[in-house]
Amino acid sequence: MRALSRKAGIYMFKVTSSSILHRPERVLYYLQGNTEEVERYISDGVCPSLLEKYQYAFGTYDEVGIFYLPSYLQKETGMKYVVGIEYRKNDKRLNLPEHLPFVVLPACDIIMLNVAYENQLNDELLDEIICCAKDESGETWVEYRYPDDGVVTAFTAKEKLRVLYQIEKADNSKYCLSDNCDDYSKEDLYRKAYRETVTGYYNWTWMWDRLQTYYLSGVTDYGFVHFDIKDFKMVNELYNHEVANSLLRRVAQNIEAHKDWIYFGARCHNDNFAMMIRDMPEEEIKEKLTVFFDEISKLDVDPSYRIYYRCGVVNMRNAMRAANTVADCAKLAQAMGTGINVTEINFYTDDMHENLLWGKQLKAYLDTAIRADEFLVYIQPKFDIYNEHICGAEALIRWNYKHKGIIAPFRFIPYFESDDSIIKVDDVVLHKVCAKLKEWKKLGYRLHPVSVNLSRKHMEQPGLVSHLAGIVDSYGVEHSLIEFELTETAAYDNQKYMVSVMNDLKNNGFLISMDDFGTGYSSFSLLQEMPIDTLKIDKSFVDSIMVDEDSDKIRIILRHIISMAKELGIHCIAEGVEEHEQILALRDLGCEMVQGYYYSKPIPMESFEKQYLKHE
């Protein structure tokens, strides 16, 4: 059931979610009369004292609630509704409130509604809520009817309400479990073959038939789209299955709402959907899909929760050529969407399959490469911008693949970042840096902090700080010589948790720098919460201060960033410096450190030692 809002007379409420459950025959113990405590429970949700000790007792089915009784029990009790609590029948282990009257409630199926409301609970409001539920019932695989004389239960709290309403399965529900085809009409068989149960929308079998016979529907050419909902599991875990199912139904409804360019749509499995669309230029497809996904980017029950999608598109030329493998091509493009907190629309290209195989090959070979010591660490020095003396360095990974030649990081890092493989690479770099610092210390060299990358995946690992400290301590290296470098976007994901991890690193004596500043969210206010030692100004800013037509504006922005950082006690370093004019401009802006090809490209650790440490 989708989230519903209704204003009926003076009543304002919203059904936020619903689910179907079963109650066996049970015993309801209740309070007699409309006492002050009963009225207080109805208005404020305060549990009556006579029932308080039984509220969460063993053998109860739920909390204390308001039970609107069917007519035959109204005659028996003399009351339209009672406040009470349900217990399991015939269990001698239970501590029952035997001082209270009781009635036996029959076994039944129940629809449970979660409701947000603004008025005091009364008969009229409850009737409106139930009518709303009847009008909008969304179950598709079993049909229900609402008896006129069923038990209705309300569990009330401040501005929140759970309503349990007795329902009955319609006669045709028995066919859901029948193996006899004669029990079904042609319509039943069609629905079972081509419709899926949660949304009532077309399934993959139906879509597959459309792909084979699209020309029978007057379609002459088409593009193919396959997408899923990012972190759909989190919707289930943070809210409930019905909220998640409601989102799936909204996606299906939105497909139907765009029939001007979507020929056919289907829910394939889980949170995956497929569409055959009108052939259009790529930019137009992307524009339409962007609008499409934006329309279903928020939860009905919590508009502040953002929904993101991962989408693969196969254009007409590739779709026609791929024939019955078009879905595989779309899934391949879809799998390229590994970004966090962003909807991604990727178009299939001929080299995607080759790249995917390359990534799988690299991941399968990673452990062997580590054992064979194929990974190398290069060092790029950092310089004081005023005296041009070395003041630190950054460790960068290279791969001597199968000892046959160096491959650049862009050829392997993105594949490892898609899963936990990147953690192994991070650890390799840290081990090698610490081993070299230990060696340099023994040789009596003057040591400078070395920054190593800390990936987002690594940041999410439990016990991260003790793990990193254990590696560094195993080499006897001072923590102040290791600077962990994280990207701006990683720092701003799950901010509270990331700040706690950074504080833990700082408390253990490590340095912290933020890489690529200015390329992500750039929330300046959050910088005061983050225990950052160094802010790394992205190369795009450095390039713009000399040649960009808006260079004056860039300089103003940089001057304020650097000034603000200094006031917060944060150092600034500019990366990607390649020209002397950039040095002069950055010095004028107040930047303290620089790094880039103007001074040195990344070099092997042995070369760094020879060029910068032996002569210092």
Side-chain angles (χ1 to χ4, degrees), residues 1-6 8 11-26 28 60-73 80-86 104-117 121-157 159-177 196-200 235-236 239-250 252-253 299-302:
M1 181 177 296
R2 62 180 182 272
L4 307 168
S5 296
R6 177 171 292 189
Y11 304 117
M12 274 293 293
F13 65 89
K14 183 177 184 180
V15 179
T16 58
S17 64
S18 68
S19 55
I20 304 295
L21 50 92
H22 179 78
R23 282 279 197 270
E25 190 177 53
R26 65 260 187 226
L28 169 64
T60 56
Y61 281 103
D62 213 318
E63 304 172 35
V64 171
I66 310 165
F67 293 79
Y68 289 77
L69 302 175
S71 56
Y72 73 93
L73 287 179
K80 181 178 180 179
Y81 64 84
V82 297
V83 172
I85 190 166
E86 301 166 294
V104 176
L105 299 179
C108 62
D109 292 311
I110 290 170
I111 184 168
M112 182 173 71
L113 311 172
N114 290 298
V115 184
Y117 69 106
L121 182 65
N122 55 37
D123 294 0
E124 290 80 7
L125 174 59
L126 199 64
D127 286 343
E128 278 296 319
I129 292 170
I130 293 169
C131 287
C132 185
K134 290 179 180 179
D135 293 343
E136 301 291 342
S137 180
E139 295 295 320
T140 58
W141 67 276
V142 176
E143 293 183 18
Y144 291 95
R145 67 181 182 87
Y146 297 79
D148 295 328
D149 201 23
V151 178
V152 179
T153 312
F155 301 95
T156 181
E159 296 183 350
K160 291 184 179 179
L161 179 71
R162 279 190 301 122
V163 177
L164 276 62
Y165 190 87
Q166 183 176 335
I167 55 178
E168 294 177 356
K169 293 179 181 178
D171 291 341
N172 63 355
S173 63
K174 64 184 180 182
Y175 298 140
C176 292
L177 302 177
E196 57 88 21
T197 57
V198 174
T199 66
V235 178
N236 276 303
Y239 299 91
N240 57 47
H241 289 295
E242 182 52 37
V243 172
N245 289 345
S246 176
L247 175 59
L248 296 175
R249 287 191 281 271
R250 281 185 57 212
Q253 291 161 5
L299 286 180
D300 283 338
V301 299
D302 183 3

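What you see is a predicted model; the values in this text were computed from it and never measured. For reference, positions follow the sequence shown, starting with 1.
- In summary, Asp62 and Arg23 engage in a salt bridge, as defined by a charged side-chain N under 4.0 Å from a carboxylate O.
- A donor-acceptor pair under 3.5 Å links the side-chain atoms of Arg26 to the main chain of Pro106, judged by distance alone.
- Atom CD of Gln253 sits about 11.0 Å away from atom CG of Leu248, to the nearest 0.5 Å.
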Problem set entry | side chain to side chain contact (heavy atoms under 4.5 Å, CB included) between Val82 and Leu28, worked out | CA-CA 10 Å; Val82 297; Leu28 169 64; 4.0 Å; yes
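- Taking the six-membered ring where the residue is Trp, Tyr68 and Tyr81 present tilted rings, their angle falling between 30° and 60°.
- Side-chain atoms of Thr153 and Ile110, non-hydrogen and from C-beta on, never get closer than 4.5 Å to each other.
- Separating the CD atom in Glu86 from the CG atom in Leu164 is a distance of 8.0 Å, to the nearest 0.5 Å.
- Between Pro70 and Val151, the closest heavy-atom pair is CD-CG2, 3.7 Å.
- Residue Asp302 holds its CG atom at 3.5 Å from OH of Tyr239, rounded to the nearest 0.5 Å.
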For this session: Assess whether side chain to side chain contact (heavy atoms under 4.5 Å, CB included) is satisfied between Leu105 and Phe67, documenting all intermediate values.
Result: CA-CA 11 Å; Leu105 299 179; Phe67 293 79; 4.3 Å; yes
